[in-house]
Amino acid sequence: MEYQDIIRDWKQKKFRPLYWLEGEEEFFIDQVTAYAEHNLLDEAEKGFNLTVLYGKDTDWTAVVNACRRYPMFAEKQVVVLKEAQSMRDLLKLEGYIENLMPSTVFVVAHKQGKIDGRSKMAKLIKEKGVLLSTKKMYDNQLPAWVEAYVSSRELAITQKAAILLVDHIGNDLSRIANEIDKLLVNLPAGKKIDEGDIEKYVGISKEYNVFELQNALGQKNADKVFRIVSYFAANPKAAPIQMTLPALYNFFAKVNLIFGVKGGEKEIATALGVHPFFVKDYMAAARQYGPENTEKAILLLQHYNLRSIGINDAGVEDGELMKELMYKVMN
């Protein structure tokens, strides 16, 4: 079950006595937990029927006692256990899960991992309640997720703006969602978010960013490459070298994979694990560099990455290091 399915059921007044939320992607767990805490009961009911506990500050007896209480002046009560992974005797909840109170909606947020799927506890959770198991999204899934998230807020976003946002923030859904929510406050209803909005409200330059640098480098567009690198040198916080070099390394590592792929753009996108929007940029770089120069670029990026952290380097400024590296990669 997806997190949206749980919230949709709750909006339709469909409840189960247990919701176990686990895994690596905290954003989905937080969305369900927040909805349970703030929306399942009205304000008059919360005083008597909402209990929020934290795993590091509670034990299994307190949790079970809370769950076994009867609701007051309401049809149900809600018990939310946050940070369940920090509760030392978590497995002792097994007895309660075997005999759940139908008038309690028990929501367990277990982040940073999962309980053993072979255990009796895991089998009981699947049998008696609802299990939401989350994992980090792949990079190539993020732009589509951004578009869907924006759409759920009754707005739209251009594909390039979505990619620019993801490229800057990375695989952190909570941060991405926060930036989108800030955009919604500043933009009129019905506005399609574009690169200009990202630049104005998020602080990412639509012309001077790592995404544009890797494209220019892939095309061997020297004028654009050195213009961007000069901007980075003058604005170190815009793209620190320690973030830029790994991104360029990943770019050329994916370009290198193309030489072993048989098929067209669809097959290449699958092999590289990237959004189809990116494929033409990787293919253009593969044509410009060929196998030998692509491997040379990868080795140079490894070498300069070490220099950027002070290994075999005499203290050259980051901006000068980048200019020197760009020249060697393109020649």
Side-chain angles (χ1 to χ4, degrees), residues 139-140 142-143 146 157-180 182-183 193-256 272 274-275 277-278 281-282 284-285 288-289 294 297-311 313 315-331:
D139 290 348
N140 63 317
L142 292 173
V146 168
I157 186 170
T158 66
Q159 194 171 55
K160 191 167 183 181
I163 291 168
L164 184 61
L165 188 63
V166 167
D167 185 67
H168 177 74
I169 295 175
N171 194 353
D172 186 335
L173 299 191
S174 296
R175 277 192 63 202
I176 293 173
N178 285 338
E179 293 297 344
I180 292 172
K182 284 194 289 186
L183 282 167
I193 301 169
D194 57 28
E195 304 95 284
D197 298 318
I198 299 295
E199 181 174 29
K200 182 176 180 180
Y201 296 109
V202 183
I204 309 168
S205 171
K206 63 181 180 181
E207 295 182 19
Y208 301 103
N209 57 73
V210 177
F211 177 67
E212 292 296 330
L213 174 60
Q214 73 179 27
N215 285 346
L217 192 58
Q219 298 163 10
K220 291 192 176 181
N221 184 338
D223 287 343
K224 187 173 181 180
V225 166
F226 286 107
R227 190 165 65 248
I228 295 172
V229 169
S230 296
Y231 176 86
F232 289 170
N235 301 273
K237 292 183 179 180
I241 192 170
Q242 289 79 14
M243 293 177 60
T244 303
L245 294 185
L248 295 178
Y249 178 89
N250 289 335
F251 175 75
F252 278 100
K254 285 182 168 64
V255 171
N256 198 41
L272 271 56
V274 301
H275 192 280
F277 182 86
F278 287 107
D281 295 326
Y282 288 101
Q288 284 283 352
Y289 286 85
T294 298
I298 291 171
L299 293 173
L300 282 167
L301 284 159
Q302 289 175 323
H303 175 67
Y304 276 79
N305 189 49
L306 292 174
R307 288 186 63 184
S308 74
I309 58 175
I311 298 175
D313 186 76
V316 180
E317 292 288 334
D318 288 350
E320 293 305 312
L321 266 184
M322 283 293 295
K323 291 175 184 177
E324 183 181 311
L325 170 62
M326 295 300 100
Y327 178 81
K328 289 183 178 181
V329 167
M330 289 187 289
N331 291 281

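The first residue of the sequence shown is numbered 1, and numbering continues consecutively from there.
Note: N209 CG to E199 CD = 9.5 Å, rounded to the nearest 0.5 Å. Within the model, atoms CD1 of I157 and CD of E195 stand 9.0 Å from one another, a figure rounded to the nearest 0.5 Å. Distance CG/L213 to CZ/F251: 9.5 Å, rounded to 0.5 Å. Taking CD1 of I298 as the reference point, atom CG of N250 lies at 10.0 Å (rounded to 0.5 Å). In this structure, CG on L142 lies 6.5 Å from CG on L173, to the nearest 0.5 angstrom. The CD1 atom of I169 sits 9.5 Å away from atom CG of L164, with the distance rounded to the nearest 0.5 Å.
Salt bridge E207/R227: absent, no basic N to carboxylate O contact under 4.0 Å.
T244 places a side-chain N or O within donor-acceptor distance of the main-chain N or O of A239, the cut-off being under 3.5 Å. Using modelled atom types, one side-chain atom of D197 and one backbone atom of D194 make a donor-acceptor pair closer than 3.5 Å.
Using a 30° and 60° split on the angle between ring planes, Y289 and F252 fall in the perpendicular class, above 60°.
Within the structure, the salt bridge (charged side-chain N to carboxylate O under 4.0 Å, His left out) test picks out the following pairs touching residues 168-179 (sequence neighbours left out): E179-K182.
L325 places a side-chain heavy atom less than 4.5 Å from the side chain of L245. Side-chain contact between L272 and Y282 is present, with heavy atoms from C-beta onward closer than 4.5 Å.
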Side-chain polar contacts of residues 315-324 - donor-acceptor pairs under 3.5 angstrom, sequence neighbours left out - could you list them?
from: E324; atom 1: OE2; to: Y304; atom 2: OH; distance (Å): 2.3
from: E324; atom 1: OE2; to: R307; atom 2: NH1; distance (Å): 2.9

Exercise for the section: Assess whether side-chain contact (heavy atoms from CB on, under 4.5 Å) is satisfied between K160 and I198, documenting all intermediate values. Expected result: CA-CA 10 Å; K160 191 167 183 181; I198 299 295; over 6 Å; no
Problem - side-chain contact (heavy atoms from CB on, under 4.5 Å) assessment of E212 paired with Y231 - result: CA-CA 12 Å; E212 292 296 330; Y231 176 86; over 6 Å; no
Exercise for the section: Assess whether side-chain contact (heavy atoms from CB on, under 4.5 Å) is satisfied between N215 and N221, documenting all intermediate values. Expected result: CA-CA 9 Å; N215 285 346; N221 184 338; over 6 Å; no
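Looking at every heavy atom in both residues, Q214 comes nearest to A247 through OE1-O, 4.1 Å. Closest approach of A162 and P143 over heavy atoms only: CB-O, 4.1 Å.
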